[in-house]
Amino acid sequence: MAKGPALVSATAGRAREPIAAEPVIGLEIHVQLLTASKMFCGCAVAFGAPPNTLICPVCLGLPGALPVTNGRAVALGLRTAVALRCALAPESRFHRKNYYYPDLPKNFQISQYQYMDHPPLGSDGWLEFTAEGAPRAVRIGRVHLEEDTGKLLHVEREGAVSHTLIDYNRSGVPLMEIVTQPDLRSPAEAREFLIALRAMLQYLRVSSGRMEEGTMRVDANVSLRGADGAAGTRTEVKNMNSLRAVERALAFEAARQADLLAAGGTVTQETRHWDERRQLTFASRVKEEAQDYRYFPEPDLIPITVEQAEVERVRQTLPELPAQKATRYVSALGLSAYDADLIVRRPPFAAFFERALALYPNAKALANWLTGDVAGLLNAEDKEVDETPLRPEGLVALLRLIDEGRISGRIAKDLLPELVRGGADPSALVAARGLEQISDAADLTRLVEQALAAHPGAVEEFRKGKSRALTFLVGQVMKETRGRANPDLVNRLLRERLGG
Ligand code: ZN
Ligand code: MN
């Protein structure tokens, strides 16, 4: 169906030395869907429940238990496939992916496999995003639904695994798998793509998309393409538990392959695990071929049928997506494209911005504070804004205190960390600590004259034309008042006295 925009090569328009080998990266992303119950049974989906308490004959794979597809999971998959501009299969089937491993009690995973006549839920879409300030598009090969496996816990004693525990609470939890074409050309670009995809999933409310909590899991295929365009052998990298880990693991893997080839070796097609502690990838197993899984249609489930009218209805009811939101912030609110992107890529941040904007109409001032000082504090604490006590009302109260001339911008910056960490009321803080700005001309004149008397050298330099001396004198008054003096007024009073 939908034809994507012309793909923008990662190297287009950039002057660059010819490179011997360019990374070719494709991603396979599993996201946990925000449903109340599991994919094929009524067991609850919940984090942190005691092991093996959210289970039933279906998700334990007991003989004779029959699965029933979770309609909510299908709706979330459909919403995502539409947002990613995929072609929707009028009829898609579930398949059994057979393998033996204790995390999978049935000995097969119910998934959707692509047969010629059995397409997955969605295929051939694309996602636009921004990397290094330039627009990019990555093709989405497919979007399909499947179920999660149980969780193994390897118990170590004296440095060796003594036994393994299994928790089947996660067995049967609804997953959506999104597979990209190998269109990414650098680890940094892969990271930017994942940020954009995560934002989209969060705006769509289909997944919390948190890599650290395992609700978004990323595997990557990496190969090197020679200067002649010949494709190299690819490896699959797993076990990356953060965006930073993805970027580092891909950089490590591309460099490892380049070193191997430069030394006359060959790359082996294999699965490699990222070791976060040692910051390297290591070979874990030879990758199975698709035929090893003996896929065949799941006979216990009816196909998923999608009517064209339903696709249209979903398309009409999609929320504003990140790219549209960014465009609106630029055209309607006058933000820079850079600031707009920084705000929309984090949905809680965009929600905060919009709530603050309803209270305080200066979009640029809000964007400056959010993308500057607030973002800095959030990054330092590795938190999203909705995970802190900072509220739009608090930030707006702070900005109003500046606008009313009651505090200086300097004092506001000093108070902000307390709002982010403790949700303090700025007016109360200012009153309790006597931080009100001094804008009384008589008080400031006295301080200005003291500064002039104490620093005759600076006065001399200013008269010789060194404007830096004025900055120094303003600084002396600010220091004397612990940042409370109105800097504009101090500046004016100094100039009047110096005759500048
Ligand atoms: Zn169950
Ligand atoms: Mn999968």
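Ligands are counted one by one from 1 in listed order, and the atoms in each one are counted from 1 as well.
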### Task
Give a yes or no on this: more than 12 heavy atoms of other residues, nucleotides or ligands lie within 6.0 Å of atom CZ of R205.
no
### Nearest to the Mn ion (ligand 2) - the N/O/S atom of E146, by atom name
OE2
#### Entry: Angle, NE2 of H30 through the Mn ion (ligand 2) to OE1 of E177 - 10° precision
90°
### Residue from R272, Q269, Q257 passing side chain to side chain donor-acceptor pair (under 3.5 Å) with T235
Q257
### Query
Can we call the ring centroids of Y293 and Y113 under 6.0 Å apart?
no
### Query
Checking side-chain contact (heavy atoms from CB on, under 4.5 Å) for the pair E310/L88: CA distance, chi angles, key distance, verdict?
CA-CA 10 Å; E310 174 69 357; L88 274 300; over 6 Å; no
#### Entry: Angle at the Zn ion (ligand 1) (to 10°), with one arm to SG of C56 and the other to SG of C59
120°
